[in-house]
Amino acid sequence: MKVSERRRLERAGIEVTALGLGCAAFGGLYREAPLSQAQDTLRAAWEAGIRYFDAAPMYGLGRAEHLLGHFLREEADTASTATVSTKVGRLMARRRPGRDLPPAAPRNPFDSGWRNGLNFEEIFDYSYDGLMRSFDDSQQRLGRPEVDILFVHDIGRVTHAERHEKHWGDLTKGGFRALEELRAAGLIKGFGLGVNETRAIEEAMEEADLDCCLLAGRYTLLDRSGEALLARARQRGVSIVIGGAYNSGILAAQKGGETKFNYADAPTEVLRQVDRLHEVAERHGIPLGAAAVQFPLRHPAVASVLVGTRSPQDLATSVDWFERDLPAEIWDALDAAL
């Protein structure tokens, strides 16, 4: 499969490339991301044929949206052909004495921090006004009056624990209405959830007319917990974008290398599973990362896979892996190793 292959999000009426670029690394995820390196990576993605880019206010507390917007405005030769998704549910604010703000965001178990993010504090707000303001802020940071897709970011019980019911109530009683109005006005083409939790998407499909959803880390070589959700989404006509295909890097590293799994240090059992997967890949003469990045698109519900590379070299590796021919028997062999 070619990186540049166009795949349609039917309900939204737009196309994405089979491989997309996630921009979390440009916010300084795990380590600093110099400006020149971020711009060089975006340029390399464009030259490779990638035309789908995903950002979020969370990524570097606004930095990633600024960098992506600048590139698409100033450097991409035909930015009108790019499809852009970003997210809502977090507002960026600087806390000041006496300022009336909602409680600061609790520690998100999927957030490892930002090494060179902007000087803001994130505030969760899934209400009608909160999502409208979030969209307005993203328009300014991206420099784009329209955004193709908005994902409601990190809504779910794992992320919010005891505050989940409050946030879910804000979303279902007003937030979804804001997104429906933006879609009806033509300011966005579609909306859905961008989460690590399958249950949140399942419940949201009962509350709103979703177009597409971003599911991170839950349909990969290592984690198949999203498989039932994908089947249900396909029945509903909801397109799925898969993020976290490398499960925070552990599936992209050389054997014995990166040990991050789902944004944290990998547990022993996961390390053993990855070692077994590496052994299978080696027997078939392929890098494990090639199987990891191609795996999600084997499911018919999946429209695109996002990779979160931080350098042109890493981007070139992912492109090579994505377009590499793999032996048909590799998939059964990998399944048997789990």
Side-chain angles (χ1 to χ4, degrees), residues 11-12 54-59 61-62 85-95 99-111 120-139 147 149-185 187-218 225-226 228-230 232-233 235-241 243 263:
R11 287 193 174 189
D54 175 73
M58 173 191 177
Y59 301 160
L61 306 179
S85 60
T86 192
K87 304 181 182 74
V88 290
R90 282 176 170 88
L91 300 176
M92 299 299 119
R94 184 173 178 85
R95 188 173 291 278
R99 188 172 183 179
D100 184 18
L101 287 176
R107 175 69 177 174
N108 179 353
F110 301 121
D111 174 9
F120 293 103
E121 179 178 341
E122 61 180 26
I123 304 295
F124 285 116
D125 191 338
Y126 296 95
S127 67
Y128 177 95
D129 289 342
L131 266 56
M132 285 295 196
R133 178 180 162 190
S134 181
F135 175 64
D136 288 344
D137 291 349
S138 288
Q139 285 177 301
V147 176
I149 307 166
L150 283 183
F151 294 123
V152 179
H153 201 188
D154 285 340
I155 187 82
R157 289 171 176 80
V158 175
T159 301
H160 295 297
E162 70 276 2
R163 295 188 62 82
H164 170 73
E165 294 303 326
K166 193 272 182 189
H167 290 316
W168 188 254
D170 286 344
L171 178 62
T172 57
K173 295 173 184 176
F176 279 140
R177 178 164 54 88
L179 296 171
E180 289 165 355
E181 290 179 7
L182 291 172
R183 183 174 60 188
L187 293 171
I188 63 174
K189 302 296 194 306
F191 71 85
L193 268 59
V195 296
N196 306 74
E197 302 180 47
T198 58
R199 182 176 175 182
I201 296 177
E202 290 170 351
E203 294 178 351
M205 287 194 293
E206 301 300 324
E207 298 283 351
D209 183 21
L210 307 185
D211 301 287
C212 53
C213 289
L214 167 56
L215 180 64
R218 299 296 173 264
S225 59
L229 169 65
L230 265 58
R232 188 175 177 192
Q235 290 176 341
R236 294 288 191 94
V238 177
S239 301
I240 298 293
V241 174
Y263 311 98

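Starting from 1, each residue takes its place in the sequence as its number. Just so you know, these numbers use all the heavy atoms, side chains as well, and skip hydrogens, waters and symmetry mates.
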Lys189 side chain to Val147 backbone, donor-acceptor under 3.5 Å: no

Quick one: CE on Met205 to CD on Gln235, what's the gap to the nearest 0.5 Å? 9.0 Å

Before you tell me yes or no, could you show the steps for Glu162 and Arg157 under side chain to side chain contact (heavy atoms under 4.5 Å, CB included), namely the whole-Å CA-CA distance, both residues' side-chain angles and the distance that decides it to 0.1 Å? CA-CA 8 Å; Glu162 70 276 2; Arg157 289 171 176 80; over 6 Å; no

Test salt bridge (charged side-chain N to carboxylate O under 4.0 Å, His left out) on Glu197 and Arg218; report intermediate values, then the result. CA-CA 8 Å; Glu197 302 180 47; Arg218 299 296 173 264; over 6 Å; no

Report yes if some heavy atom in the side chain of Asp170 is under 4.5 Å from a heavy atom in the side chain of Leu131; otherwise report no. no

Considering only heavy atoms from C-beta outward, does the side chain of Phe151 approach that of Cys212 to under 4.5 Å? yes

For residues Ile201 and Val195, determine if any side-chain heavy atom of one lies less than 4.5 Å from a side-chain heavy atom of the other. yes

Check whether any side-chain heavy atom of Phe191 lies under 4.5 Å from a side-chain heavy atom of Phe176, and answer yes or no. yes

Looking only at heavy atoms, what is the nearest atom pair of Ser134 and Gly89, with distance? OG-N, 4.0 Å

Sorted by chain and residue number, the ring pair (Phe, Tyr, Trp, His ring centres under 6.0 Å) partners of Tyr126 (sequence neighbours excluded) come out as His160, His167

Which distance, rounded to the nearest 0.5 Å, do you find between the CG of Leu230 and the OG of Ser239? 10.5 Å

Just by distance, no angles: are the side chains of Ser85 and Asp54 close enough, under 3.5 Å, to form a donor-acceptor pair? yes

Can you sort out the partners of Glu181 under salt bridge (charged side-chain N to carboxylate O under 4.0 Å, His left out), two or more places apart, ordered by chain and number? Arg177

Residues at least two apart in sequence or cross-chain that pass side-chain contact (heavy atoms from CB on, under 4.5 Å) with Phe120, listed by chain then number, are Leu61, Met92, Leu118

Applying salt bridge (charged side-chain N to carboxylate O under 4.0 Å, His left out), name anything that partners Glu206, two or more places apart in sequence or on another chain. Arg232, Arg236

Straight-line distance of Thr159 OG1 to Asp154 CG, nearest 0.5 Å: 4.5 Å

Nearest 0.5 Å please: distance from the CD1 atom of Ile188 over to the CD atom of Gln139. 10.5 Å

Indicate the atoms forming the closest heavy-atom contact of Met132 with Ala178, along with that distance. CE-O, 3.7 Å

Going by the rule side-chain contact (heavy atoms from CB on, under 4.5 Å), which residues pair with Arg11 if we only count those two or more places apart in sequence or in a different chain? Asp209, Asp211, Val238

Given Lys87, which partner from the list Leu214, Leu193, Ile149, Leu150 fulfils the side-chain contact (heavy atoms from CB on, under 4.5 Å) test? Leu214

Distance, nearest 0.5 Å, that separates CD1 of Ile155 from CH2 of Trp168: 6.5 Å

4.5 Å side-chain heavy-atom contact, Asn196 and Leu215: no

Verify whether one side chain among Ser127 and Asp125 offers a donor that lies under 3.5 Å from an acceptor in the other. yes

What are the two closest non-hydrogen atoms of Cys213 and Leu210, and how far apart are they? SG-CD1, 3.7 Å

Examine distances only and state if a side-chain atom of Arg183 and a backbone atom of Gly190 form a donor-acceptor pair shorter than 3.5 Å. no

Just to verify, what does Lys173 make a side-chain contact (heavy atoms from CB on, under 4.5 Å) with, not counting sequence neighbours? none

Give the C-alpha distance, both sets of side-chain angles, the deciding distance and a yes or no for salt bridge (charged side-chain N to carboxylate O under 4.0 Å, His left out) between Arg133 and Asp137. CA-CA 6 Å; Arg133 178 180 162 190; Asp137 291 349; 3.7 Å; yes

Spacing of Glu122 atom CD and His153 atom NE2 [to the nearest 0.5 Å]: 9.0 Å

Quick one: does Glu180's side chain have a donor or acceptor within less than 3.5 Å of a partner on Gly175's backbone? no

